[in-house]
Enquirer: 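Take a look at this one; I'll ask things after.
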Amino acid sequence: MKMKGAQILIELLKQEGVEVVFGYPGGAVIDIYDVLFETPEIQHVLVRHEQGAAHAADGYARSTGKVGVCMATSGPGATNLVTGLATAYMDSVPVVAITGQVGTPLIGKDSFQEADITGITMPITKHNFLVTRVEDLATVVREAFYIASTGRPGPVVIDIPKDVQQKMTEFVLPEKIRIPGYKPTYRGHVKQIALAASAIMNARRPLLYVGGGVVSSGASPHLVELAEKADIPVVHTLMGKGAFPESHRLSLGMLGMHGTYWANKAVMSCDLLIAVGARFDDRVTGRIDSFAPHAEIIHIDIDPAEIGKNVKADIPIVGDARMVLAELVKRIESKTNPEWWQEIEGFRNAYRPVYKAGEGKLMPNYVIQVIYEKTHGENTILVTDVGQHQMWAAQVYRCEKPRTWISSGGLGTMGYGLPASIGAQIGNPDKRVVLVSGDGSIFMKIQELVTAVNYCLPIKIFVMNNSYLGMVRQWQGCLYKGRYSCTRLKNPDLVTLARAFGAEGLAVEREEDLESTIEKALSVKDKPVLVDCRVAEEENVLPFVPPGKSLDEMILG
Amino acid sequence: MQHIISVLVENKPRVLARVASLFARRGYNIESLAVGPTQDPAISRITLVVNGNEDILEQITKQLYKLIEVIKVGDFTNTSYVDRELALIKVNAPATVRGEVAQIAEIFRARIVDIEEKSLTVEVTGTPDKIDALEQLLRKYGIIEMTRTGRIALARGSKSL
């Protein structure tokens, strides 16, 4: 059957099981939108800025495990996706971005709304395609979804010139995918796994260090099994929140710059570090040459390039975390490490943070503690923006299941939270989506509140409003002699603002009103609610490992 | 240490840009680069000369493999290989010295490919050392302009990459 390029694209999206596309129309994608107009199987969510579409697709992907799809027109539409694609790339999120392009005869002529988006996104996508022949379109779409969702997941851009969308061709469903240079390794090397098993059996102070790879590969059940069988404490990265239940007796919480005291101490004392789906980021390791100084290192990752990139692995295992852990569990015997746990108990007793209210002031971590008490559970997805509130949320809000914690880790994109919440809520209509944001971050994508209102999404937005760009202010305070250069934020009234958008707006200033305000927010079912939490202005996130310092050089307060 | 890396890639648009962009982004330095078709029209070969220690080379190799269109990466270091460069050197050669220049070219088994009243152009292939040596000798006559290709290489023996 003869079909237009735009029809072929939509047909392929259906074949890939795409249920929702986040996007914004424009001149170079009109033909695709024209087909969407008569495609009830695919819901289109209209955002108010293309960056929001990319983040929403990302939040959808992270929360559901499916590929997120976003769409934008050529030129500025496509360049607006860039931050969202870079965010997804840094956190290995499967996203397919479809961009319109000027017609093939106009490419390279600096035509109206032309941008070389495949050139621009080359270093921030797993792969990208410029489709110059309509005959190639079906194969490209199929390959794009395959590449985005397999191996180490990541974003893929498909750039489709307007004439390619319009041209007719015989539609043939692509046969088997054949990409000669792309063959991800899923099964770990048997000998390496055996080495890892004996290292675990011989270790006296083993420690599991788990990241986002555990979440994306669905390795959590095997991780729990491994940790329990060999009595291994678990520390997680920001991306690894939810990979291992945080209330589990073996969990030591997050490690790194704002990790728990005992997690960081455990890293510095362990004799075997088992890294699973984690990449030794500088925010995790602190000073790299003094990271885990006594430990032999097992590094399990699906991306061979991660192994040996930042630290040298003694036992590298390339493979899918789920498959490797499943094998590893079979090869170890039950054991206990009582002395090691005694040592860890010592770390735990040496420092205990208390999330208590201050004198008449609303303390941000206390606010998050109460949000946690009121909302936690299997049915809640916690989304954050980026900054102090994100770290407080990471420290205080315990996640028990994978895909219940959605946060921009690698790129640290302020403004990610609100559109990602929209994606998460669209993908999980029956779940409660809670966004913890800050007064800096929320304004970076505040226009997406329109989207949340339009689609009646009951997202609970809690803004930790301290009238500062808080994390930068903290650095200025700790590292730049208190010179608060340009970090004071003069904000409009958030309650009025939320109501102008058609959302519910609430504010809380006093500790005694906190519980009732949160409860009131949770009772709103048909629209988003924004709670302006007017917290103490100059609170710092602690512990704090200053950049370039070792994990045991924490500032505790 | 200098390494010669051979990269087999799908012969598709932008693949060279992807490789070059990767080197730029990760801060690796390219000493020389040559690209051309292979016996299979669907596959091109990129030959790179890069400097770095073993760790850097391992990262370069792994990062290259991450590119979807990269099929195979080989490092010729510690193996037996043939490598060649080609240079065209246009040198001042008035009648008084033309014989001398031609003689030098002959010693290097270089060919004179263009000749004119005051100059001649020499084509030479070989290892970089040989080309450096010829360039050095021709310098005193005055090199008007010259161009060198990137190095290309193949493993010795019947095996292929």
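So you know, we letter chains A, B, ... as the sequences are listed, proteins then strands, and number each from 1.
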Enquirer: Does this structure show an ion pair linking A/K309 with B/D55, if we count only N-O contacts that are shorter than 4.0 Å?
Expert: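 Looking at A/K309 and B/D55, the cut-off is not met.
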
Enquirer: Which atoms of A/T118 are under 4.5 Å from chain B, going by heavy atoms: the side chain, the backbone, both sets, or neither?
Expert: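 When you check distances to chain B, atoms from both the backbone and side chain of A/T118 fall under 4.5 Å.
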
Enquirer: If you count the non-hydrogen atoms of other residues, nucleotides and ligands that lie under 6.0 Å from CD in B/E116, is the total more than 12?
Expert: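 It does: B/E116 CD has more than 12 such atoms within range.
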
Enquirer: If we ignore hydrogens and angles and just use 3.5 Å, is the side chain of B/Q59 paired with the main-chain N or O of A/A305 as donor and acceptor?
Expert: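 Yes: the side chain of B/Q59 pairs with the backbone of A/A305.
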
Enquirer: What closest approach, in Å, do B/R25 and A/P123 show between heavy atoms, and which atom pair accounts for it?
Expert: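 That closest heavy-atom pairing would be CD-CB, 3.4 Å.
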
Enquirer: Keeping B/K62 on the side-chain end and A/I307 on the backbone end, is there a donor-acceptor pair under 3.5 Å?
Expert: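 Side chain of B/K62 to backbone of A/I307: a pair is present.
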
Enquirer: Could you grab the distance from atom CD1 of B/I71 to atom NZ of A/K183, nearest 0.5 Å is fine?
Expert: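 Answer rounded to 0.5 Å: 8.0 Å.
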
Enquirer: Could you grab the distance from atom CD1 of B/I68 to atom OH of A/Y146, nearest 0.5 Å is fine?
Expert: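 Output value for this atom pair is 9.5 Å.
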
Enquirer: Are more than 12 heavy atoms, taken from residues, nucleotides or ligands other than B/D40, located less than 6.0 Å from that residue's CG atom?
Expert: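 Yes, the 6.0 Å shell around CG holds more than 12 heavy atoms from other groups.
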
Enquirer: Take atom CD in B/E123; do more than 12 heavy atoms of anything else shown fall under 6.0 Å from it?
Expert: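 Result for CD/B/E123: enclosed.
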
Enquirer: Surrounding CZ of B/R109 (heavy atoms of other residues, nucleotides or ligands, distance under 6.0 Å), is the total greater than 12?
Expert: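 No, not enclosed.
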
Enquirer: Can you say whether A/N128 sits under 4.5 Å from chain B via the side chain, the backbone, both, or neither, judging by heavy atoms?
Expert: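 Both parts, backbone and side chain.
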
Enquirer: Is there a side-chain contact between A/I179 and B/E69 (heavy atoms, below 4.5 Å)?
Expert: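 A side-chain contact under 4.5 Å is absent here.
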
Enquirer: Calculate, to the nearest 0.5 Å, the distance between atoms NZ and OH belonging to B/K66 and A/Y182 respectively.
Expert: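 Answer rounded to 0.5 Å: 10.5 Å.
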
Enquirer: Let me know if B/R18 has heavy atoms under 4.5 Å from chain A in its side chain, its backbone, both or neither.
Expert: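 Looking at B/R18, backbone and side chain both touch chain A.
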
Enquirer: With chain A as the partner, which of B/K12, B/K72, B/E10 has the greatest number of non-hydrogen pairs under 4.5 Å?
Expert: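 When all of B/K12, B/K72, B/E10 are compared, B/E10 has the most.
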
